[in-house]
Amino acid sequence: MRRVVRQSKFRHVFGQAVKNDQCYDDIRVSRVTWDSSFCAVNPRFVAIIIEASGGGAFLVLPLHKTGRIDKSYPTVCGHTGPVLDIDWCPHNDQVIASGSEDCTVMVWQIPENGLTLSLTEPVVILEGHSKRVGIVAWHPTARNVLLSAGCDNAIIIWNVGTGEALINLDDMHSDMIYNVSWSRNGSLICTASKDKKVRVIDPRKQEIVAEKEKAHEGARPMRAIFLADGNVFTTGFSRMSERQLALWNPKTMQEPIALHEMDTSNGVLLPFYDPDTSIIYLCGKGDSSIRYFEITDESPYVHYLNTFSSKEPQRGMGYMPKRGLDVNKCEIARFFKLHERKCEPIIMTVPRKSDLFQDDLYPDTAGPEAALEAEEWFEGKNADPILISLKHGYIPGKNRDLKVVKKNILDSKPAANKKSELSCAPKKPTDTASVQNEAKLDEILKEIKSIKETICSQDERISKLEQQLAKMAA
């Protein structure tokens, strides 16, 4: 019998790597043995975790800054241990969060035109994990809500606007968490863990809504992500170490909706999902290919579309949000593939003869405006992403600066103490003493800042001298 080929407008999607002069060259990509993507992208910048001596650092490059990147190019270098994961804020293209081996999460504000000096001062440092932090993920619809997961098997959800941890899920995972994914409206999260369980969790009620033991029976790392319709997509390994992908309904987790075996390669599959077109792209770490699948309501539910292959294996992968794509060229996805020494953009296109806007390829997509404030979400409200049309392309607007207002602990004293406070009000001399102390503190802080600047400039000088020496030796 002749096989009937399923009709799909994405059947002929083809991937193409850009020319060499449009790559980012001479970047020392991190060698940390951690299964994160090492790269994060938005319509303004590409951020890449790099090798750094004496701490952790990542590069932030404006998208147009292609070509060879100078060794002395400024970095974001405030962590004291290697950086393990980075994530751009979906509601502000100049704010990025990073998690590190030094057990902290830092949130950074990148200047509008990129870095001119190395950035060592984050907007806020979030401390709460007792072991290294390997996952950071922003809430999709609420402003300033950030999730972090560490090797202490705890998930903490922060209000970045006040710098405090508001939810701590530290007793739900008995083993290392491989990844965490928010649902489309951010009301639930799903996690994949080393104990081979996939869990769907309501973080505000702090309860497990659904759980599947041995979602994939193999011992190697799994991944689980939420789809737009509320189903969960997982990648993992079978008992015979074959790579698998599966689709689950959280309401009935006993059996998967679909389960497919792929191949026997041992690279962990990183899934990237486009909710507008229901396409999932699977990039294996150490593979040299990107496979893509369309998810539909008809059997077999997960339909293989095609594979993009190249010669070099990938160390990591960045995925551009929909609003950063070129709609005039029918571009439906753009990846930033990390090699050992460079970052290479790969463009996925649907071939069309017409130059007109293809509204079937570009339904309204999630825009940069937050649907909720952090406080509203923590109080129990939910909201879907605010959608925008890409008909005339996306023009980035002005982002407001991230301001962190730490709550004053003294403000929340019980009212009973107030009278006694008034009766023993401090006298003037202690006021002057505190002013002097503040002035001293300011002096010390200024001195520390100038020492840091000196160190940075000496670092640059040393690297220049090393380059000169290398030239002389050559």
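In this chain, residues are counted from 1 in sequence order.
Residue pairs meeting the salt bridge (Lys or Arg N to Asp or Glu O under 4.0 Å) criterion with at least one partner in residues 47-63, sequence neighbours excluded, are absent. Annotation: salt bridge (Lys or Arg N to Asp or Glu O under 4.0 Å) contacts involving residues 24-49, sequence neighbours excluded, comprise Asp26-Arg68, Asp26-Arg341, Arg31-Glu340.
Under the 3.5 Å distance criterion, the side-chain polar atoms of Asp287 are left unmatched by any main-chain donor or acceptor of Ser289. With hydrogens and angles disregarded, no donor-acceptor distance shorter than 3.5 Å links the side chain of Glu344 to the backbone of Phe336.
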Which donor-acceptor pairs under 3.5 Å do side chains of residues 205-213 form with protein atoms, sequence neighbours excluded?
unit_1	atom_1	unit_2	atom_2	d
Glu211	OE2	Arg199	NE	3.4
Lys212	NZ	Gln254	O	2.9

For residues 184-193, tabulate all N or O donor-acceptor pairs below 3.5 Å that involve a side-chain atom, not counting sequence neighbours.
unit_1	atom_1	unit_2	atom_2	d
Asn185	OD1	Ser183	OG	3.3
Asn185	OD1	Ser187	N	3.0
Asn185	OD1	Ser187	OG	2.8
Thr191	OG1	His173	NE2	2.8
Ser193	OG	Met176	O	3.2
Ser193	OG	Asp195	N	3.4
Ser193	OG	Asp195	OD1	3.0

Applying side-chain contact (heavy atoms from CB on, under 4.5 Å) to Val46 and Cys39, what does each step give before you reach the verdict? CA-CA 7 Å; Val46 51; Cys39 182; 3.9 Å; yes
Assess the residue pair His216 and Ser238 against the criterion (side-chain hydrogen bond (donor to acceptor under 3.5 Å, both in side chains)); give the C-alpha distance rounded to whole Å, side-chain angles, the decisive distance to 0.1 Å, and a yes or no. CA-CA 6 Å; His216 296 278; Ser238 71; over 6 Å; no
Asn159 vs Glu375, test: side-chain hydrogen bond (donor to acceptor under 3.5 Å, both in side chains). Steps then yes/no. CA-CA 8 Å; Asn159 182 346; Glu375 290 72 20; 3.3 Å; yes
Run the numbers on Phe233 and Leu282 for side-chain contact (heavy atoms from CB on, under 4.5 Å), then give the verdict. CA-CA 11 Å; Phe233 180 89; Leu282 297 183; 3.9 Å; yes
How far apart are the C-alpha atoms of Val95 and Trp138, what are their side-chain angles, what is the distance that settles it, and do they pass the side-chain contact (heavy atoms from CB on, under 4.5 Å) test? CA-CA 11 Å; Val95 170; Trp138 290 93; 3.9 Å; yes
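With a 4.5 Å cut-off on side-chain heavy atoms, Leu245 and Val302 count as touching. Put simply, the side chain of Ile156 does not reach to within 4.5 Å of the side chain of Leu147, judged on heavy atoms. Here the side chains of Ile49 and Val29 are not in contact, with every heavy-atom distance at 4.5 Å or above. At least one side-chain heavy atom of Leu247 sits under 4.5 Å from a side-chain heavy atom of Ile295. Under the 4.5 Å side-chain criterion, counting only non-hydrogen atoms from C-beta, Leu227 is in contact with Ile280. With a 4.5 Å cut-off on side-chain heavy atoms, Phe335 and Met317 count as touching. Side chains of Ile157 and Leu146 form no contact here, defined as non-hydrogen atoms less than 4.5 Å apart. In this structure, the side chains of Ile167 and Arg204 come closer than 4.5 Å at one or more pairs of heavy atoms.
Counted by atom type alone, Thr162 and Glu164 present one or more donor-acceptor pairs between their side chains at under 3.5 Å. Defined by atom type and a distance below 3.5 Å, a donor-acceptor pair is missing between the side-chain atoms of His129 and Thr104.
Scanning for salt bridge (Lys or Arg N to Asp or Glu O under 4.0 Å) contacts around Arg291 gives Asp263, with sequence neighbours left out. In this structure Glu112 satisfies the salt bridge (Lys or Arg N to Asp or Glu O under 4.0 Å) test together with Lys398, sequence neighbours excluded. Residues satisfying the salt bridge (Lys or Arg N to Asp or Glu O under 4.0 Å) test with Arg223, not counting sequence neighbours, are none. Evaluation of the salt bridge (Lys or Arg N to Asp or Glu O under 4.0 Å) rule for Glu217 yields Arg239 as partners, not counting sequence neighbours. Residues passing the side-chain contact (heavy atoms from CB on, under 4.5 Å) test with Lys449, sequence neighbours excluded: Glu453. For Ile444, the side-chain contact (heavy atoms from CB on, under 4.5 Å) partners are Ile448, not counting sequence neighbours. Partners of Thr365 by side-chain contact (heavy atoms from CB on, under 4.5 Å), not counting sequence neighbours, listed by chain and number: Asp276, Lys322, Ile388, Leu390. With sequence neighbours left out, Lys464 forms a side-chain contact (heavy atoms from CB on, under 4.5 Å) with no residue at all.
Residues Trp377 and Trp182 bring their aromatic ring centres within 6.0 Å. Aromatic pair Phe58/Phe38: centroids not less than 6.0 angstrom apart. Under the 6.0 Å cut-off for aromatic ring centres, Tyr281 and Tyr292 qualify, their centroids lying closer than that.
Surrounding NZ of Lys194 are at most 12 heavy atoms belonging to other residues, nucleotides or ligands under 6.0 Å away. With a 6.0 Å radius and a threshold of 12 heavy atoms from other residues, nucleotides or ligands, Asn113 has its CG atom at or below the threshold. Within 6.0 Å of atom NZ in Lys381, 12 or fewer heavy atoms from other residues, nucleotides or ligands are found, so the atom counts as exposed in its surroundings.
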